[in-house]
2 protein chains.
Amino acid sequence: MNIGEVAKMVELPIKTIRYYEEIGFIQPRRSANGYRSFRDSDVHKLAFLGRARSLGFSIEDCRILLQLYENDTRASADVKQIAQEHLIRIDAKVKELQAMRNTLSHLIEACAGDDRPACPILLDLAMLN
Amino acid sequence: MNIGEVAKMVELPIKTIRYYEEIGFIQPRRSANGYRSFRDSDVHKLAFLGRARSLGFSIEDCRILLQLYENDTRASADVKQIAQEHLIRIDAKVKELQAMRNTLSHLIEACAGDDRPACPILLDLAMLN
DNA sequence: GCTTGACCCTCTAGTGGGTGGAGGCTTTAG
DNA sequence: CTAAAGCCTCCACCCACTAGAGGGTCAAGC
């Protein structure tokens, strides 16, 4: 398979697939013309990576998850730990964003949003309130 | 004021303050020895920027907000619009993270987390479930 | 006067995770 | 035979800083 076909199958941009090769996630063979030639196993890995990335795992997490996936003697505890640590980071991020959201929505409510200059949002940013 | 003192006052790293000068947010004077010499107005702007950034506004949003802040003939509607658009982006991000969170926490619950290789997390990533 | 340590300076390069584009092959359809 | 689509590499760029090298300056203590 050529890269374009693979890209459609796994729903990843071509550039991303080339990048994943560059960072060692996959090692597709090459055809005589120099084109990358993907095997099913490459496609499978790319799908795995796409799914892991869509769950927010970092590239380095993905690298470890992929190794664990390919290691038949893995301990599920190792996988679970990575997932749990990731969940904690997600929770922290959600909390942070919700705090922003709260502040911001209060400020927006308080702002007249007309053609006059007075603005509680700017007052808050300037900490003059 | 020198940069170190300012950094403590506005609780921004020194490097960040220099970066904010580089991108044109502030133009502190220079002392004879080449040190940056900050006026109250610079400190005030930095505090404004720090607060805006902590609410998640992008650098370019901050640039516009700062201009509006310094423009006495602004319309509060312009400020409000920027804030509303930002709120929409935050909401989208929160939703995205919560979707990840949901999937991830279900998978974590389903995973034994012991020394055996069987792992629902990896099965999900490989989309073999 | 000298040293020490805390400051400050500039400049370059790196982070993560790709993305965009230039410039140039190859393949495929008509 | 030609045009379009597809593929290749390489370099630069995105955001918002951050790290570090290499060096100048200043204040306190001896």
Side-chain angles (χ1 to χ4, degrees), chain A residues 1-38 42-43 45-46 48-66 82 85-86 89-90 92-93 96-97 100, chain B residues 1-38 42-43 45-46 48-66 85-86 89-90 93 96-97 100:
Chain A
M1 265 174 292
N2 282 351
I3 199 166
E5 196 185 345
V6 173
K8 268 169 205 146
M9 286 178 63
V10 301
E11 295 178 299
L12 284 174
I14 288 177
K15 290 263 182 185
T16 300
I17 296 175
R18 286 202 274 250
Y19 173 68
Y20 286 173
E21 178 188 19
E22 193 187 322
I23 63 174
F25 278 171
I26 49 169
Q27 289 100 30
R29 293 166 195 257
R30 296 289 175 137
S31 305
N33 59 12
Y35 287 14
R36 287 169 184 81
S37 177
F38 294 82
D42 296 317
V43 178
K45 275 196 212 178
L46 286 171
F48 182 97
L49 290 166
R51 175 81 176 132
R53 292 285 301 131
S54 80
L55 287 179
F57 286 105
S58 73
I59 289 288
E60 284 320 302
D61 278 351
C62 288
R63 202 183 292 282
I64 301 169
L65 289 170
L66 201 53
I82 291 172
E85 283 166 10
H86 180 43
R89 280 194 299 272
I90 288 179
K93 190 74 192 164
E96 191 192 336
L97 287 174
M100 288 179 187
Chain B
M1 267 174 292
N2 282 351
I3 199 167
E5 195 185 345
V6 173
K8 268 169 205 145
M9 286 178 63
V10 301
E11 294 179 299
L12 285 174
I14 288 176
K15 292 261 183 189
T16 300
I17 296 174
R18 286 201 274 250
Y19 173 68
Y20 285 173
E21 178 188 18
E22 194 187 321
I23 62 175
F25 278 171
I26 49 168
Q27 290 99 31
R29 294 165 192 259
R30 296 290 177 138
S31 306
N33 58 13
Y35 287 15
R36 286 170 185 80
S37 177
F38 294 82
D42 296 318
V43 178
K45 276 195 211 180
L46 287 171
F48 182 97
L49 291 167
R51 176 81 176 131
R53 291 287 301 132
S54 80
L55 287 178
F57 285 105
S58 72
I59 290 288
E60 285 319 303
D61 278 351
C62 287
R63 201 183 293 282
I64 300 170
L65 288 171
L66 201 52
E85 283 166 9
H86 181 43
R89 281 193 298 272
I90 289 179
K93 191 74 193 167
E96 190 192 337
L97 288 174
M100 289 179 185

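Small disclaimer: the values here were computed from a predicted structure and weren't measured. Letters A, B, ... mirror the listed sequences (proteins, then strands); counts begin at 1.
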My understanding is that only residues two or more places apart in sequence, or in another chain, count here; which of them pass salt bridge (charged side-chain N to carboxylate O under 4.0 Å, His left out) with A:Arg30? A:Glu21

When every non-hydrogen atom of B:Leu46 is compared with those of B:Leu12, the smallest separation belongs to O-CD1, 3.8 Å

For the student: nearest non-hydrogen atoms of B:Ile90 and A:Met100, plus distance: CD1-CB, 3.9 Å

Provide, to the nearest angstrom, the distance between the CD1 atom belonging to B:Ile17 and the C1' atom belonging to C:dC9. 15 Å

How would you list all residue pairs meeting salt bridge (charged side-chain N to carboxylate O under 4.0 Å, His left out) that involve residues 54-63 of chain B, not counting sequence neighbours? B:Glu60-B:Arg63, B:Asp61-B:Arg89

Starting from the first five and the last five pairs of the helix from C:dG1-D:dC30 to C:dG30-D:dC1, work out the angle between the resulting helix axes, to 10 degrees. 10°

Distance-minimising heavy-atom pair for A:Tyr20 and A:Arg53: OH-CG, 3.5 Å

Within the structure provided, determine whether B:Met9 and B:Phe38 are in side-chain contact (heavy-atom separation under 4.5 Å). no

Show the nearest heavy-atom pair for residues B:Cys62 and B:Leu49, with the distance to one decimal. CB-CD2, 3.8 Å

Measuring to OP1 and OP2 of C:dC9, would you say a side-chain N or O of B:Arg36 lies under 4.0 angstrom away? yes

Considering every strand and a 4.0 Å limit on heavy-atom distances, what is the contact class for A:Ile23: base, sugar-phosphate, or nothing? nothing

Set of salt bridge (charged side-chain N to carboxylate O under 4.0 Å, His left out) partners for B:Glu22, sequence neighbours left out: none

Base contacts versus sugar-phosphate-only contacts with protein, heavy atoms under 4.0 Å: please encode nucleotides 17-30 of chain C as B, S and - from 5' to 3'. BBSBB----BS---

Check every strand shown and say whether B:Ile3 touches a base, only sugar-phosphate, or nothing at a heavy-atom separation below 4.0 Å. sugar-phosphate

Of B:Lys8 and B:Glu21, the one whose closest DNA chain C nucleotide lies more 5': B:Lys8

5' to 3' on DNA chain D, which nucleotides open and close the contacts with chain A (atom under 4.0 Å from a heavy atom)? D:dG6 to D:dT9

